[in-house]
There are 2 protein chains.
Amino acid sequence: MRTMSPPVGLPALAETDLVGQVARLLTEAIVQGRMPPGSKLVEAGIARELGVSRAPVREAARLLESQGLLVASPRRGFFVRQFAADDIDDIYDLRLCVERHAGVLAARNLTPETRDALRRQIDVLHQTADLDDSARQVEEDYRFHRLICEIAGNRRLLRLFDDLASELRMVIGLIGRLYDDPHEIARTHEPVLAAIEQGHPERIVAHIDHHIGHAWREVGRLVREIPPIAVHVKSPT
Amino acid sequence: MRTMSPPVGLPALAETDLVGQVARLLTEAIVQGRMPPGSKLVEAGIARELGVSRAPVREAARLLESQGLLVASPRRGFFVRQFAADDIDDIYDLRLCVERHAGVLAARNLTPETRDALRRQIDVLHQTADLDDSARQVEEDYRFHRLICEIAGNRRLLRLFDDLASELRMVIGLIGRLYDDPHEIARTHEPVLAAIEQGHPERIVAHIDHHIGHAWREVGRLVREIPPIAVHVKSPT
DNA sequence: TAGTCGTCGATTGTCGACAGTTTAGTCTTG
DNA sequence: CAAGACTAAACTGTCGACAATCGACGACTA
């Protein structure tokens with residue numbers, strides 16, 4: 001009798017994963033603000049819109065639930081997660097914790113190739129700054145930070161970063177525009193990279209603290225300014 | 001003026017959340033090693049055993065998938081996650097990152113009550129050490145570390161800790177017994193608490209590093225000793 | 001008129017069924 | 001005897017259906 005070989009993490013050849021596709025679409029809709037926080041996810045509606053039955057939609061919703069983008073309220077359905085000011089603080093606090101660590105690890109693993117990748121991404125940030133495309137700017141910003149986590153070489157850390165980023169994208173999306181001066185933001189990434197190249201843990205942490213701390217304060221301020229997050233949407237509590 | 005039904009202390013009616021119950025049972029079975037890593041989750045089997053249909057089982061499986069306890073292999077089903085030595089390193093690395101941060105935050109938020117709670121938990125650890133109940137010992141150990149994360153006051157950080165703990169319990173469960181001298185382990189928690197009471201971030205980090213680093217090396221060694229866990233298991237019983 | 005109760009449409013939770021795929025076991029062939 | 005082909009059983013992915021429940025609205029009462 002042969003032992004059945006369990007999955008070993010190779011990229012699935014055929015992307016026939018319906019649940020995965022639905023999950024991706026839902027995630028997109030949520031972080032882009034098309035499904036605002038507090039709004040109800042009507043299973044039948046989504047299913048009809050996508051031309052599938054409710055089963056895959058519910059399974060996808062469970063994935064997002066475990067990821068924190070949706071909250072399940074028994075017998076009332078799934079609702080898009082709402083963020084209070086506390087949540088912003090929790091997220092940024094954790095992000096700070098994660099990125100500090102990632103920065104130190106990245107410095108340890110840095111190769112000429114990965115260093116160039118980081119530099120190129122800063123170039124992209126500068127180029128994007130001219131486009132006046134806020135969403136794109138935020139996206140490229142995250143890509144830089146994500147690169148650091150990739151270089152750190154801890155897959156679980158990377159996944160955590162992605163989860164946090166989803167939530168932050170969602171918050172930032174509903175704030176509207178974030179950057180007053182995209183070029184300024186692009187520049188503030190440079191000392192972070194410089195510190196990583198130098199390799200002094202203390203300097204790395206200090207610069208990351210400064211960089212992310214700034215975003216934290218900025219987002220926190222905006223969230224507190226616009227506390228009534230809309231809306232006529234039905235909330236689960 | 002609105003006449004809301006005045007709260008009369010009724011214990012929120014029994015959780016009829018079938019999916020949640022199934023998820024809890026599956027989690028338990030996995031971390032206890034009754035469903036060994038690599039084994040296949042046969043939906044119909046689980047469903048029959050629990051007296052439900054496959055739909056709730058699949059939804060529960062999606063929750064565990066997003067949590068990392070199961071991996072989905074399209075058209076082949078769900079499998080209990082397998083851990084390689086790399087995974088152990090990733091998990092402990094992240095845990096270290098998280099607990100350092102939690103320790104510093106906990107020191108900042110420490111009150112007489114929370115300090116006493118930590119002390120009491122160390123007492124429990126010493127008492128449990130006499131029982132020669134390895135599983136219980138591991139559980140109480142985690143409870144101490146979890147307390148620190150609770151005191152830190154970041155809900156997302158706490159959830160992350162719980163997720164990591166699930167995975168670690170699973171690994172430790174299949175290693176078998178971990179503690180040579182439970183009393184020794186209990187004692188090693190004391191300097192951590194002392195550092196938190198003192199409140200010097202550097203001391204806190206240093207002691208947590210020492211404490212968790214020790215576990216990391218120990219578990220890593222054991223995992224490398226028993227590398228490939230051959231799986232002939234087709235379905236859990 | 002404010003608050004409560006009853007009714008009805010809308011939605012969720014769960015189930016059983018079916019088609020298509022994977023797996024295990026057997027047989028064939030070089 | 002090993003490797004490959006073939007067959008049957010087992011399993012997954014998805015669907016549609018149905019009962020239970022929720023939320024909204026209007027009728028009723030004090």
Side-chain angles (χ1 to χ4, degrees), chain A residues 1-8 10 12-26 35 38-65 70-80 231-237, chain B residues 1-6 8 12-26 35 38-65 70-80 231-237:
Chain A
M1 174 186 288
R2 236 126 93 271
T3 60
M4 163 171 46
S5 70
V8 75
L10 292 176
L13 197 49
E15 198 65 44
T16 58
D17 182 9
L18 191 50
V19 172
Q21 286 179 264
V22 174
R24 220 170 306 136
L25 289 174
L26 283 181
M35 296 175 66
S39 61
K40 183 171 157 65
L41 184 149
V42 183
E43 300 166 10
I46 303 288
R48 206 178 322 117
E49 198 166 334
L50 298 179
V52 300
S53 76
R54 281 173 51 218
V57 174
R58 282 181 62 89
E59 289 187 26
R62 292 295 181 186
L63 286 175
L64 300 205
E65 177 194 357
L70 293 176
V71 296
S73 181
R75 292 206 182 78
R76 308 205 323 122
F78 295 91
F79 295 81
V80 178
V231 227
H232 31 54
V233 285
K234 308 159 187 174
S235 102
T237 52
Chain B
M1 159 99 93
R2 230 191 253 226
T3 54
M4 295 275 297
S5 56
V8 73
L13 195 49
E15 285 257 1
T16 57
D17 181 8
L18 193 50
V19 172
Q21 284 179 267
V22 174
R24 216 170 309 135
L25 289 174
L26 284 180
M35 296 173 66
S39 62
K40 182 169 156 62
L41 183 150
V42 183
E43 300 165 10
I46 304 289
R48 204 177 325 114
E49 197 166 336
L50 298 179
V52 299
S53 76
R54 282 172 51 219
V57 174
R58 282 181 62 89
E59 289 188 26
R62 292 294 181 187
L63 287 175
L64 300 205
E65 177 194 358
L70 294 175
V71 295
S73 181
R75 309 233 171 252
R76 305 209 313 130
F78 295 91
F79 294 81
V80 179
V231 177
H232 308 77
V233 185
K234 193 165 86 173
S235 77
T237 41

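Every chain is numbered from 1 and lettered A, B, ... according to where its sequence line falls, protein lines coming before strand lines.
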Quiz prompt | Nucleotide-resolved protein contact map, nucleotides 6-15 of chain C, B/S/- at heavy-atom distance under 4.0 Å | solution = -----SBBBB
Quiz item: Got a second to check how far A/M35's CE is from A/F79's CZ, nearest 0.5 Å?
Solution: 11.0 Å
Exercise. Mind checking side-chain hydrogen bond (donor to acceptor under 3.5 Å, both in side chains) for A/E59 and listing every partner two or more places apart, or none if nothing turns up?
Key: B/R58, B/R62
Practice problem: Can you sort out the partners of A/L50 under side chain to side chain contact (heavy atoms under 4.5 Å, CB included), two or more places apart, ordered by chain and number? | Solution: A/V22, A/L25, A/I46, A/V52
Quiz prompt | Note, A/L26 side chain near A/L41 side chain (heavy atom, < 4.5 Å) | solution = yes
Exercise. Kindly give the heavy-atom pair with the smallest separation between B/A23 and B/A60, and that separation in Å.
Key: N-CB, 3.7 Å
